[in-house]
Q: 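The structure follows.
None of these values were measured; they are calculated from a predicted model.
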Amino acid sequence: TSSSFNVTAGSATQLVFSTQPGTAVSGHQISPAVKVRALDSFGNVATGFTGSVTVALGSNPAGGTLSGTIPVTAVSGVATFFDLSVNKTGIGYTLAATAGALGPVTSTAFDITPGTATQLAFTVQPSNAVAGQQMNPAVQVSALDAAGNPVPGFTGNVTVTLGNNPGGSTLGGTTTVATVSGVASFGTLTLDKTAPGYWLTATTTATGLSTATSSSFNITAGPATQLVFAVQPTSTLAGHQITPAVKVRALDALGNVVPGFSGSVTVALGSNPGGGTLSGTIPVTAVSGTATFFDLSINTTGLGYTLTAAATGLSDATSTPFDVN
């Protein structure tokens, strides 16, 4: 029998993941700590290797960011990564390890799952819409974790309200919806008053979730359906112009001014107690939905005259009574 002798590792020629990355919660440390070993050409740990080892995302299915202390100096041929984390949920991430001329070597696949829901967010923003018509596409609000990942397990109710209401509108439709897989979908929302710069807020009765604010959106008028006297005729002297100038507006079905209406508007005497004649520039072309009659006059005195306004395709309007003295 000979005396004893030792066999030591050769120079490092390759890297291996000795502790593979496991499934982790987004933004949380991967546990147990990932370990990368330097091996010689026969697969022995090269205990004399003390080089710097770097890991990076190989497969990155969700566009995540890898955080932690990188690179790490190997100790006795082993680099230990204690604090690695990935911020985006996804299935099938991998890590790639390199050390100078060694590597790269790829880990087994691992998943990143969402954390606890901490916030709401509008994942489908409200879009510009016509007064009284449903917003399309449907507004969606999602429950997210602290890293901004959707949390499919969240099942609370979400309510949307008007955060900014420049037109004094009423929010119609179903405004409280139960989430499905962490998403609340509002498919029937409507507003009835035109204005630019509305926005929505979303809240939930579930504890610990912050409120969300949508981007701004505009509500525009629908097609013109009716006329109204925006400035009524006032009592005047016979043969003198009615002042201030009479104005007639085109409105949609919900009573909003229709700026796009540029049709011809005619006014005539409705009630004519004095048998008078209406004079002036008639008809008038509407500008931004309003027809202005600057020079109307009536030649005969009487109490309780009225005007009627008409335009093709729109319902007529009748003014309040006025006198000619």
Side-chain angles (χ1 to χ4, degrees), residues 23-28 60-65 86-93 111-223 225 252-256 258:
T23 297
V25 173
S26 64
H28 289 235
N60 189 352
T65 299
V86 180
N87 65 333
K88 297 295 183 184
T89 60
I91 297 174
Y93 282 97
D111 303 333
I112 298 296
T113 60
T116 303
T118 62
Q119 57 186 313
L120 296 176
F122 283 86
T123 45
V124 176
Q125 296 284 350
S127 58
N128 297 338
V130 173
Q133 295 186 16
Q134 294 178 0
M135 294 181 188
N136 187 28
V139 174
Q140 290 187 350
V141 178
S142 298
L144 308 181
D145 65 12
N149 299 294
V151 182
F154 179 80
T155 57
N157 290 339
V158 176
T159 298
V160 292
T161 56
L162 284 169
N164 191 43
N165 190 358
S169 191
T170 298
L171 182 62
T174 303
T175 57
T176 298
V177 171
T179 56
V180 177
S181 297
V183 179
S185 184
F186 299 85
T188 62
L189 297 181
T190 61
L191 281 81
D192 60 344
K193 300 298 181 186
T194 60
Y198 286 97
W199 68 70
L200 300 177
T201 59
T203 58
T204 178
T205 54
T207 57
L209 272 72
S210 60
T211 299
T213 300
S214 77
S215 57
S216 63
F217 60 97
N218 305 328
I219 298 297
T220 57
T225 62
D252 66 11
L254 297 174
N256 298 294
V258 182

Q: Work out which heavy atom in Y93 is nearest to a heavy atom in A62; give both atom names and the distance.
A: OH-CB, 3.3 Å
Q: Which donor-acceptor pairs under 3.5 Å do side chains of residues 176-186 form with protein atoms, sequence neighbours excluded?
A:
| residue | atom | partner | partner atom | Å |
| --- | --- | --- | --- | --- |
| T176 | OG1 | T159 | OG1 | 2.8 |
| T179 | OG1 | F154 | O | 3.1 |
| T179 | OG1 | G156 | N | 3.3 |
| T179 | OG1 | G156 | O | 2.9 |

Q: Side chain of T188, backbone of T174: donor and acceptor closer than 3.5 Å?
A: yes
Q: Just jot down the side-chain hydrogen bond (donor to acceptor under 3.5 Å, both in side chains) partners of T220, sequence neighbours excluded, or say none.
A: none
Q: Hey, is the main chain of N87 close enough, under 3.5 Å, to the side chain of T65 for a donor-acceptor pair?
A: no
Q: Which pairs pass side chain to side chain donor-acceptor pair (under 3.5 Å) with one or both residues in residues 139-150, sequence neighbours excluded?
A: S26-D145, S26-N149, T123-S142, D145-N149
Q: Between atom OG1 of T89 and atom CD1 of I112, what is the distance when rounded to the nearest 0.5 Å?
A: 9.0 Å
Q: Show me, pair by pair, the donor-acceptor contacts under 3.5 angstrom made by side chains of residues 199-207, not counting sequence neighbours?
A:
| residue | atom | partner | partner atom | Å |
| --- | --- | --- | --- | --- |
| T201 | OG1 | T161 | OG1 | 2.9 |
| T204 | OG1 | N157 | O | 2.7 |
| T204 | OG1 | A206 | N | 3.2 |

Q: When you look at L171 and L191, which way does the side chain to side chain contact (heavy atoms under 4.5 Å, CB included) test go after all the steps?
A: CA-CA 5 Å; L171 182 62; L191 281 81; 3.6 Å; yes
Q: Could you tell me whether the side chain of F122 reaches within less than 4.5 Å of the side chain of V141, counting heavy atoms only?
A: yes
Q: Under the side chain to side chain contact (heavy atoms under 4.5 Å, CB included) criterion, do L120 and T211 qualify, and how do the steps go?
A: CA-CA 6 Å; L120 296 176; T211 299; over 6 Å; no
Q: Is there a donor-acceptor pair under 3.5 Å between the side chain of S216 and the backbone N or O of G197?
A: no
Q: Only counting residues at least two apart or in another chain, list the ones meeting side chain to side chain contact (heavy atoms under 4.5 Å, CB included) with T23.
A: D111, T113
Q: Do K193 and N256 pass the side chain to side chain contact (heavy atoms under 4.5 Å, CB included) test, and can you show the C-alpha distance, the side-chain angles, and the key distance before you say yes or no?
A: CA-CA 6 Å; K193 300 298 181 186; N256 298 294; 3.7 Å; yes
Q: Distance from S214 atom OG to L162 atom CG, nearest 0.5 Å?
A: 9.0 Å
Q: Name each donor-acceptor pair under 3.5 Å that joins a side chain in residues 127-139 to protein atoms two or more places apart or in another chain, with its distance.
A:
| residue | atom | partner | partner atom | Å |
| --- | --- | --- | --- | --- |
| S127 | OG | N136 | O | 3.1 |
| N128 | OD1 | N218 | N | 2.8 |

